Amino acid sequence: MTAYQADLATQNWIERQVGYLPPRWKKKLVNRWHAETPGGKHYRDERGNHPEFFANTNLRVWADRLGGSRLPLDASDADICNAADQLAARSSELAKIYHDLQSLRAAMSRLAEGQEVTPPKAWDAEKETGYQDGPAVARMADPLWWRGKLRRVHSKLVEGAAIDLGYVNRAKDCYVSNESVYRRAKQNERNAATLEETVLVNELGQEFKLAELAAKGLANKAIRRAELMTRISGFERIAQDLGHAGLFFTMTCPSRMHKWATVKGAGNRVFENKRYDGTLPGQAQTYLATVWSRIRAKLARQGIRLYGFRIAEPNHDGTPHWHLLVFAPPEQLADLQATVWKYALKDSPNEPGASTHRVDFKPIDAGKGTAAGYIAKYVAKNIDGFKLDTDLYGNDGVTASHRVEAWAATWRIRQFQQIGGAPVGPWRELRRVKELPSGAPQHLIDAHHAVNKITDMEAGTIKPVSWAQYTQAQGGVYCGRNARIKISMTQPEGMNRYGEKAAQRATGIETVSVEQYRPEWNPGLVATRTVQWNVDSERHVWQVASRGANPNPAAASRPWTCVNNCTPNPTDENFEGILARVKGEKSFCNLASLTNI
């Protein structure tokens, strides 16, 4: 039997169904269509005079499933930015129809929901959460707000479509689709270019490229990895001092959340899991977080207090699983494991392999290696692939780390989270303090000494930083919110771009303790951010324009950060005038009057 030849009308219909898809996705569906027509291996000879009926029906079902996005799945970032501009303009135009703030917000929210974008959450006066009407309207009239929302929605839809089509598995695109890896790489390139072209200056005349400053912080992957390993090693040192035992365990999702299963001993061969229920990685991460919250609550009732780290990483098909390294008194480990088992198996406890694979415990044996050594490869795999030749599936370590990072960014999954212990914010803020004022309490001196590496040139020695000593200075590993040293926050003057109070900013560290301070050291606050940095807007505009990103200097010069808090007095102008400002005829941050309508 020869391959079925579609007539011109059918070919045009097929193109209308799948023409918006990325090329390789389109090719796969067209090949599937041919396989379900006469001559194809999946043809069903039961439709009489309509031999292509089954193939057409399946193609239309797939097109409907993948066509949920209001943007084409192969849309570029420029397409997303253009759509954001158009949607912001449509939102603003609604002010010509709706002449009270509540009705306008409701109409804008309906527009957002129609684009599968979650509108700003309603204001809850009792909890003081959410957004009031004015700031909510300002957000939905702002192209930058739409841009961020559309990027998130689009990236998840693209990756969800790749999973639906069966591209994400160890045999094809491990962890995440190639399309998402490419999109993330382009986003990182844009971010790097922006950092390189943005110059910050202060009142002392100092100036740095933002890229130079970012390289000195946690944006530098090597620094991020080193800090995580320092904190993990610090917890292990504390456990040794307290006589606590370490436990490493992996917690996975039920089989129903995995689209693909592997064939043991068959290399990269996979087969589709018939129990898969369509759960996406973001939903699976929520499931794991819910299970862990119940475990923590039960452990608290049992009087079992943990400290350590949690790492979230993808299985080969993108479904997340968690690795946890925790420390506790050895006599509590049995109850700890029993509690974890109980809640991890509440969902689908009878599915094949649940009792074997859902949770895997490995007590830390000091004779076989350190706790930090157990977890080092997982840290490297999720950051930069440092000293990791290959991953579990034979992929190059560095390549695997790039794919994992793209996976985490696409599904907005927090990869690392500390369990218990002292807060990390003051640890980082204390590094900004060159010298403490006289009369500082001993615990602050100890903490400052712990967070800084000290070189003794005469002795030729270096004192490394110590998370263990810092934790002890904070009040011990169980200090939690009662830590002695905290970040001091202040409320800056002015409004943000949406007419709300500007967000609080860190200005230093403060200490709270039962110790009596000397009068000259009252009230116990050390400033760490004494210099005000601002964007050199003229230079930034010139550099952006030189790349052709925005040929309009007036548009390019609009403030893109909250550094410029231009807040005029509230006026009684009409909605059209207010929204004209939001659309860009004046600075985006001139929106204070929205909150006073």
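For the single chain, residues carry numbers from 1 onward in sequence order. Just so you know, these numbers use all the heavy atoms, side chains as well, and skip hydrogens, waters and symmetry mates. Bear in mind that the values here come from a model prediction, so they are computed numbers and not experimental data.
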Going by heavy atoms in the side chains, are [X] and [Y] under 4.5 Å from each other?
| X | Y | answer |
| --- | --- | --- |
| Lys298 | Tyr343 | yes |
| Thr252 | Leu288 | no |
| Tyr307 | Ile419 | no |
| Leu299 | Gln302 | yes |
| Leu144 | Trp146 | no |
| Glu116 | Leu157 | yes |
| Lys149 | Val153 | no |
| His316 | Val270 | yes |

I'd like to know whether [atom1] of [X] has more than 12 heavy-atom contacts from other residues, nucleotides or ligands below 6.0 angstrom.
| X | atom1 | answer |
| --- | --- | --- |
| Arg24 | CZ | yes |
| Lys28 | NZ | yes |
| Arg256 | CZ | yes |
| Tyr131 | OH | no |
| Tyr182 | OH | no |

If we count only N and O atoms by modelled type, under 3.5 Å, do the side chains of [X] and [Y] hold a donor and an acceptor together?
| X | Y | value |
| --- | --- | --- |
| Arg310 | Gln417 | yes |
| His443 | Thr511 | yes |
| Thr410 | Glu159 | no |
| Arg184 | Gln187 | yes |
| Arg275 | Ser255 | yes |
| Thr194 | Asn191 | no |
| Arg183 | Asn188 | no |

Polar side-chain atom of [X] near backbone of [Y] as donor-acceptor pair, under 3.5 Å:
| X | Y | result |
| --- | --- | --- |
| Gln283 | Leu280 | yes |
| Tyr374 | Lys377 | no |
| Asn315 | Gly318 | no |
| Arg403 | Cys174 | yes |
| Ser348 | Glu351 | no |
| Thr370 | Ala366 | no |

Go through it in stages, so that I can follow the logic: the residues are Trp292 and Tyr287, the test is side chain to side chain contact (heavy atoms under 4.5 Å, CB included), and I'd like the CA-CA distance, side-chain angles, deciding distance and then a yes or no.
CA-CA 9 Å; Trp292 180 243; Tyr287 160 80; over 6 Å; no
Going by the rule salt bridge (charged side-chain N to carboxylate O under 4.0 Å, His left out), which residues pair with Glu429 if we only count those two or more places apart in sequence or in a different chain?
Arg432, Arg529
Once you measure the plane-to-plane angle for Trp467 and Trp427, does it fall in the parallel (<30°), tilted (30-60°) or perpendicular (>60°) bin?
perpendicular
Taking the six-membered ring for Trp and the single ring otherwise, decide whether the centroids of [X] and [Y] are under 6.0 Å apart.
| X | Y | value |
| --- | --- | --- |
| Trp407 | Tyr175 | no |
| Phe309 | Phe248 | no |
| His244 | Phe327 | no |

Steps toward salt bridge (Lys or Arg N to Asp or Glu O under 4.0 Å) verdict (Arg231, Glu227):
CA-CA 6 Å; Arg231 291 159 63 191; Glu227 183 187 272; 3.4 Å; yes
Shortest non-hydrogen contact from [X] toward [Y]:
| X | Y | result |
| --- | --- | --- |
| Ile304 | Leu336 | CD1-N, 4.0 Å |
| Arg151 | Cys81 | NH2-SG, 3.9 Å |
| Ile413 | Ala312 | CG2-CB, 4.0 Å |

Would you check, one step at a time, whether the test salt bridge (Lys or Arg N to Asp or Glu O under 4.0 Å) holds for Arg147 with Asp142?
CA-CA 9 Å; Arg147 188 180 300 181; Asp142 184 357; over 6 Å; no
Taking the cut-offs as 6.0 angstrom to the six-membered ring centre and 45 degrees off its axis, would you call [X] and [Y] a cation-pi pair?
| X | Y | value |
| --- | --- | --- |
| Arg305 | Tyr478 | yes |
| Lys172 | Tyr167 | yes |
| Arg225 | Phe386 | yes |

Identify, with sequence neighbours excluded, every residue that meets side chain to side chain contact (heavy atoms under 4.5 Å, CB included) alongside Gln415.
Arg224, Asn382, Val404, Ala408
With side chain to side chain donor-acceptor pair (under 3.5 Å) as the rule and sequence neighbours excluded, what pairs involving residues 319-331 come up?
Thr250-His323, Gln285-Trp322, Glu313-His321, Glu313-His323, Asp317-Thr319, His321-His323
Could you walk me through whether Ser293 and Arg296 pass the side chain to side chain donor-acceptor pair (under 3.5 Å) test, one step at a time?
CA-CA 5 Å; Ser293 68; Arg296 286 190 298 106; 5.3 Å; no
Step by step, would you call Ile163 with Lys259 a side chain to side chain contact (heavy atoms under 4.5 Å, CB included)?
CA-CA 8 Å; Ile163 292 173; Lys259 183 174 177 64; 3.8 Å; yes
Decide salt bridge (Lys or Arg N to Asp or Glu O under 4.0 Å) for Lys186 and Asp77; before the verdict, give the C-alpha distance in whole Å, the side-chain angles of both, and the deciding distance to 0.1 Å.
CA-CA 9 Å; Lys186 288 298 181 182; Asp77 193 70; over 6 Å; no
Side chain to side chain contact (heavy atoms under 4.5 Å, CB included), that's the test. Do Cys479 and Arg484 meet it? Break it down for me.
CA-CA 8 Å; Cys479 64; Arg484 295 170 176 170; over 6 Å; no
